[in-house]
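First comes the structure, then the notes that go with it.
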Amino acid sequence: MKITVLGATGGVGTEVVRQAGERGWQVTAVVRDPARLHVPADVVVAGLHEQDKLTAAIEGRDAVISALGSRERKPTTVCVDGARAAIAAGAKRLLVVSASGLDADGDGVFTRTLVKPLLNAVLKHGYADMRAMEALVMASELDWTVVRPPMLLNGPRTGAVKSRLDGNVRGSYTIRRADVAAYLLDAVADPTLIRTKVSIAHG
């Protein structure tokens, strides 16, 4: 399997690159600062607006995984810019990491009425970017999958992941980055997840 990873130096992205390498996959990591990537990969140094470089990094790959996200709470377009670049580069299979906090479908009353409004207020800029990314991806003709995890934690992979297509996973509010990465890699070749939006959480 040949994949390209956007956001390869982030927490989830690094895990995607590492675990894909362990599976024997050919991994191309698109980064702005190669010194921040500490796992083996074919590295392409490019910003999200350097379309020629991105196209070269994506052409001929089986899938593109975007694990992009902003670490700051100010206005950002990093997620939607990454998705737009992947679509323009001719990606056929695109998986993007979003967030289960974007809506309250399937949540319990406490989470829906208190927790989610607070999250949307605090993380409004990042969530706006993710909403724009989701809309762009879902309107495309690609074989896309939107993966929505809750709060991300560090730590080794547990292998215990629940998923839900018709709403958020109830009663579980965290997941390890390593488990998100494993789910993304498994989803690459899963035809049942093509053109779906799936929420995942620790099982």
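Summarising the geometry of V198 relative to S163, their closest heavy-atom pair is CG2-CB, 3.8 Å, with the distance given to 0.1 Å. The shortest non-hydrogen separation linking A86 to L6 is CB-CD1, 4.4 Å. For the pair T76 and G126, the tightest heavy-atom approach, listed with the atom from each and the gap, is CG2-CA, 4.3 Å. Across every non-hydrogen atom of V43 and P34, the tightest pair is CG1-CB, 4.1 Å. The two residues I3 and R61 make their nearest non-hydrogen contact at C-CG, 3.8 Å. Of all non-hydrogen atoms in L54 and L48, the two that sit nearest each other are CD1-O, 3.4 Å.
Here R131 does not pair with E134 in a salt bridge; the nearest charged N to carboxylate O distance is not below 4.0 Å. The existence of a salt bridge linking R164 and D166 is confirmed by a sub-4.0 Å separation between a basic side-chain nitrogen and an acidic carboxylate oxygen. Ion pairing of D81 with R84 is present here, as a side-chain N (NZ or NE/NH1/NH2) and a carboxylate O approach within less than 4.0 Å. Taking the charged nitrogens against the carboxylate oxygens, R148 and D103 do have a contact shorter than 4.0 Å, which makes a salt bridge.
For the pair V5/V30, no side-chain contact is recorded, criterion being any heavy-atom separation below 4.5 Å from C-beta on. Side-chain contact between L165 and K197 is absent, with no heavy-atom pair separated by less than 4.5 Å. Considering only heavy atoms from C-beta on, T9 stays 4.5 Å or farther from D33 through its side chain. In this structure the side chain of V96 never reaches within 4.5 angstrom of the side chain of C79, judged on heavy atoms.
Hydrophobic clustering of Ile, Leu, Val, Met, Phe, Trp and Tyr side chains at less than 4.5 Å, counting indirect connections, unites V80 with I58. Hydrophobic clustering (side-chain heavy atoms under 4.5 Å, transitive across Ile, Leu, Val, Met, Phe, Trp, Tyr) keeps V97 apart from Y127. Hydrophobic clustering of Ile, Leu, Val, Met, Phe, Trp and Tyr side chains at less than 4.5 Å, counting indirect connections, unites I175 with V12. If you chain together hydrophobic residues whose side chains sit under 4.5 Å apart, V146 and L68 fall into the same group. Note on L123: it does not cluster hydrophobically with V180, by side-chain heavy-atom contacts below 4.5 Å among ILVMFWY residues.
The CZ atom of R36 sits 8.0 Å away from the OG1 atom of T14 when rounded to the nearest 0.5 Å. Separation of atoms CD (Q19) and OH (Y183) is listed at 14.5 Å; rounding is to 0.5 Å. A distance of 10.0 Å separates CD1 in I200 from OG in S172, rounded to the nearest 0.5 Å. Atom CG of D186 is separated from atom CG of L193 by 9.5 Å, given to the nearest 0.5 angstrom. Going from atom CE of M133 over to atom OG of S98 covers 4.0 Å, rounded to the nearest 0.5 Å. Here the straight-line distance linking atom CG of L184 with atom CD1 of I65 works out to 5.0 Å at 0.5 Å rounding.
Judged by distance alone, with hydrogens and angles left aside, the side-chain atoms of D143 form no donor-acceptor pair with the main-chain N or O of I194 at under 3.5 Å. No donor-acceptor pair closer than 3.5 Å links the side chain of E59 to the backbone N or O of A89. Judged by distance alone, the side chain of D179 and the main-chain N or O of T158 form a donor-acceptor pair under 3.5 Å. For the pair D129 (side chain) and V78 (backbone), a donor-acceptor distance under 3.5 Å is present. The backbone N or O of G47 sits less than 3.5 Å from a side-chain atom of E50, completing a donor-acceptor pair. Distance alone, capped at 3.5 Å, is enough to place a donor-acceptor pair between the D62 side chain and the K2 backbone. For the pair K162 (side chain) and A160 (backbone), a donor-acceptor distance under 3.5 Å is absent. For the pair T4 (side chain) and A57 (backbone), a donor-acceptor distance under 3.5 Å is present. Checked by atom type and distance alone, the side chain of S140 pairs as donor or acceptor with a backbone atom of V137 at under 3.5 Å.
There is no side-chain donor-acceptor pair under 3.5 Å between R176 and N154. Under 3.5 Å, the side chains of R93 and T145 contain a donor-acceptor pair of N or O atoms. Side chains of N168 and S100: no donor on one and acceptor on the other come within 3.5 Å. Side-chain atoms of T28 and D42 form no donor-acceptor pair, as typed in the model, at a separation below 3.5 Å.
Remark: R195 CZ is packed, more than 12 non-hydrogen atoms of other residues, nucleotides or ligands lying under 6.0 Å away. M151 CE: 12 or fewer foreign heavy atoms inside a 6.0 Å radius. No more than 12 heavy atoms of other residues, nucleotides or ligands lie within 6.0 Å of CZ in R32, so this atom counts as exposed by the packing criterion.
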Task: Intermediate values then yes/no, side-chain contact (heavy atoms from CB on, under 4.5 Å), L142 and K92 - done: CA-CA 5 Å; L142 276 61; K92 299 295 187 290; over 6 Å; no

